[in-house]
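Below: the structure, in structure tokens.
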Protein chains: 2
Amino acid sequence: MFSKSCEYAIRAAIYISAEGSMEKKIGIDDICEHIEAPKHFTAKILQILTRNKIVSSQKGVNGGFYLDKKQNNKPLIEIVYATDGSDVFCGCGIGLKECSESEPCPLHEKFKGIRANIRSMVEESTIEEMAKKLTKGNGFLRVE
Amino acid sequence: MFSKSCEYAIRAAIYISAEGSMEKKIGIDDICEHIEAPKHFTAKILQILTRNKIVSSQKGVNGGFYLDKKQNNKPLIEIVYATDGSDVFCGCGIGLKECSESEPCPLHEKFKGIRANIRSMVEESTIEEMAKKLTKGNGFLRVE
DNA sequence: TATTCACAGGATTTCGAAAACATATCTATT
DNA sequence: AATAGATATGTTTTCGAAATCCTGTGAATA
Ligand code: FES
Ligand code: FES
């Protein structure tokens, strides 16, 4: 459904939101350990999020990643767009070059509802809301 | 969501159901042209469907693929299981090693509903029903 | 101002899904 | 029985996502 990049991106953003702040920036090693993701690859993905102003970063000593108030309130869909583009929300469920109402695949009617649900899921969930689950102990970003 | 193999498999099965019969078997070239899929790769996938008794095949002159009455009534989920396994129906939405109720990811509650819908979609749609859309002109397996 | 820490960014490698190839096997037809 | 036409099967190649490596750049601190 989502690419690995996107999955890591969502997990990383939530972790940074839960653990970090303007005063307490989170380093890449810390992030990767807690979300169980490959370091260099994750660093690259965080670059993308930073360029898209979804997370903030600070170079140098005591540097790291953090989210400001505005960024905390962003919905997850922004992360999906930044990493995977809009394909998830408009592609055909069984691989037709394009999904259309005029030449729909046999699954189209049932699938477009699901696609809309996926969109709602990431559109209506903010990074902060997800982070709150972590803090409360109701959510996890890695298992074991 | 589904792998390329699975997408081609679903499209191929529906096409065979719509166009073929015990008397009129469908060849690989015919199939690939009408569902716009790579020939050799699709042949390999049809092997899998044949081994899993989802489609029937006949070698030799005038041979090809077809579906008997029982096979026509099978739900698409059997194709998904044969090609992709059960991961789609039980994996975590943001890539945790495993999805569990005891250590759920922050998206778990919202995602498991979507996952169930995907399952219903392929569980409640039979190959024959999908094929019927083609015959009626309400469904397509390739665009342009 | 020199040094060190941590992110930024380009270049490269790895790995598995996707695709192509080559050969074997089976069957209707002559 | 020989042949031609079709699927079956094992092997190899391609390609892009995923992951790594290496160097550059900015900021804090001593
Ligand atoms: S055409 Fe397949 S989902 Fe719309
Ligand atoms: S743990 Fe992520 S979907 Fe269940």
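Chain naming here is simple, since letters A, B, ... match the order of the sequence lines and numbering starts at 1 in each.
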Note to self: Within the 4.0 Å heavy-atom criterion, would you say A:K44 contacts the bases, only the backbone, or no part of the nucleic acid?
What the structure shows: base
Item checked: Side chain of B:K59 (C-beta onward), nearest among C:dC7, D:dT7, C:dA28 -> D:dT7
Check: Checking side chain to side chain contact (heavy atoms under 4.5 Å, CB included) against A:V122, which of A:I79, A:I77, A:V88 comes through?
Finding: A:I77
Next item on the list: State whether A:S57 places a side-chain N or O below 4.0 Å from either non-bridging phosphate oxygen (OP1 or OP2) of C:dA6.
Entry: no
Note to self: Quick check for you: among C:dA8, C:dA20, D:dA18, whose closest atom lies nearest to any side-chain atom of B:H40?
What the structure shows: C:dA20
Next item on the list: May I ask you to say what B:I45 touches in the nucleic acid, namely base, sugar-phosphate or nothing, with a heavy-atom cut-off under 4.0 Å?
Entry: nothing
Next item on the list: Compare every heavy atom of B:A82 with every heavy atom of B:I48, then report the nearest pair and how far apart it is.
Entry: CG2-O, 3.8 Å
Checklist line | From CA spacing to verdict: side-chain contact (heavy atoms from CB on, under 4.5 Å), B:I118, B:M1 | finding: CA-CA 9 Å; B:I118 295 173; B:M1 163 138 24; 3.4 Å; yes
Margin query: With a 4.0 Å limit, can you tell me whether A:Q47 has a side-chain N or O closer than that to the phosphate oxygens OP1/OP2 of C:dG10?
Written below: no
Notebook entry, point to check: Looking at B:N62, does any N or O in its side chain come under 4.0 Å of the phosphate oxygens OP1/OP2 on C:dT29?
Noted result: yes
Check: Is any side-chain nitrogen or oxygen of A:Y8 closer than 4.0 Å to OP1 or OP2 of D:dA19?
Finding: yes
Note to self: Below the 4.0 Å mark, does C:dC5 have OP1 or OP2 next to a side-chain nitrogen or oxygen of A:Q58?
What the structure shows: no
Notebook entry, point to check: Counting side-chain heavy atoms from CB outward, which of D:dT7, C:dA19, C:dA28 is closest to B:V61?
Noted result: C:dA28
Next item on the list: For the side chain of B:K4, starting at C-beta, report the closest nucleotide among D:dT7, D:dG5, C:dA18.
Entry: C:dA18
Notebook entry, point to check: Contact class for B:I48 vs. all strands (heavy atom < 4.0 Å): base, sugar-phosphate, or nothing?
Noted result: nothing
Next item on the list: Please report the shortest heavy-atom distance between A:S102 and B:F140, naming the atom on each side.
Entry: O-CE1, 3.9 Å
